[in-house]
Amino acid sequence: RPYACDEPGCEFQSAQAGHLKAHKRTHSGERPFPCDEPGCSYSANTADRLERVRRARVRTSAYSLEQHKRTDSGERPFP
């Protein structure tokens, strides 16, 4: 693989330069992708990681909201 990490002791290699760039952030601690949700201090080292966190938050929030609505209304969707 043409792209190898130059960090001492690290054996990471990749066929893509972008993967190496993202990998190097694990060594530096750089997290250039902050969450734009108000009050959230999370930031990610890759854009796709931030997107996964956002999607998980939406699924969790939507589920919790629906569950809360059923609790308040007394609805029992299952026998």
Side-chain angles (χ1 to χ4, degrees):
R1 299 185 183 219
Y3 301 99
C5 183
D6 56 3
E7 187 74 21
C10 184
E11 298 179 9
F12 179 85
Q13 296 180 358
S14 177
Q16 298 180 10
H19 289 175
L20 177 60
K21 185 177 179 180
H23 166 77
K24 286 186 172 189
R25 291 186 192 125
T26 64
H27 296 299
S28 70
E30 180 186 9
R31 294 174 160 268
F33 300 95
C35 180
D36 57 2
E37 185 73 25
C40 182
S41 61
Y42 178 80
S43 61
N45 63 348
T46 62
D48 66 309
R49 170 62 72 185
L50 178 59
E51 188 58 30
R52 280 185 275 176
V53 169
R54 283 182 182 154
R55 287 181 185 167
R57 183 181 295 138
V58 168
R59 282 193 303 270
T60 302
S61 298
Y63 175 78
S64 297
L65 180 59
E66 288 304 311
Q67 185 179 31
H68 180 74
K69 285 179 181 177
R70 283 197 300 266
T71 301
D72 283 351
S73 70
E75 176 188 352
R76 301 281 186 233
F78 306 104

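One-based numbering along the sequence shown. The analysis underlying the following values was restricted to heavy atoms, covering all of them including side chains, and did not include hydrogens, waters or symmetry mates.
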Peer 1: Test question: given the 4.5 Å side-chain rule for I, L, V, M, F, W and Y, name all other residues clustered with Tyr3, or answer none.
Peer 2: Phe12, Leu20

Peer 1: Any side-chain heavy-atom pair from Arg49 and Tyr42 closer than 4.5 angstrom?
Peer 2: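 Arg49 reaches Tyr42 side chain to side chain.
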
Peer 1: Who passes side chain to side chain donor-acceptor pair (under 3.5 Å) against Asp48, sequence neighbours left out?
Peer 2: Thr46, Arg52

Peer 1: Could you tell me which residues satisfy side chain to side chain donor-acceptor pair (under 3.5 Å) with Glu7, sequence neighbours excluded, listed by chain and number?
Peer 2: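 If we apply the side chain to side chain donor-acceptor pair (under 3.5 Å) test to Glu7, skipping adjacent residues, there are no hits.
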
Peer 1: Show the atom names and distances, to 0.1 Å, of all donor-acceptor pairs under 3.5 Å that link a side chain in residues 24-36 to residues at least two apart or in another chain.
Peer 2:
from: Arg25; atom 1: NH1; to: Asn45; atom 2: O; distance (Å): 2.6
from: Thr26; atom 1: OG1; to: His23; atom 2: O; distance (Å): 2.5
from: His27; atom 1: NE2; to: His23; atom 2: NE2; distance (Å): 3.1
from: Ser28; atom 1: OG; to: Glu30; atom 2: N; distance (Å): 3.2
from: Arg31; atom 1: NH1; to: Ser43; atom 2: O; distance (Å): 2.6

Peer 1: Minimum heavy-atom separation for Ser14 to His19, with atom names?
Peer 2: OG-CB, 3.2 Å

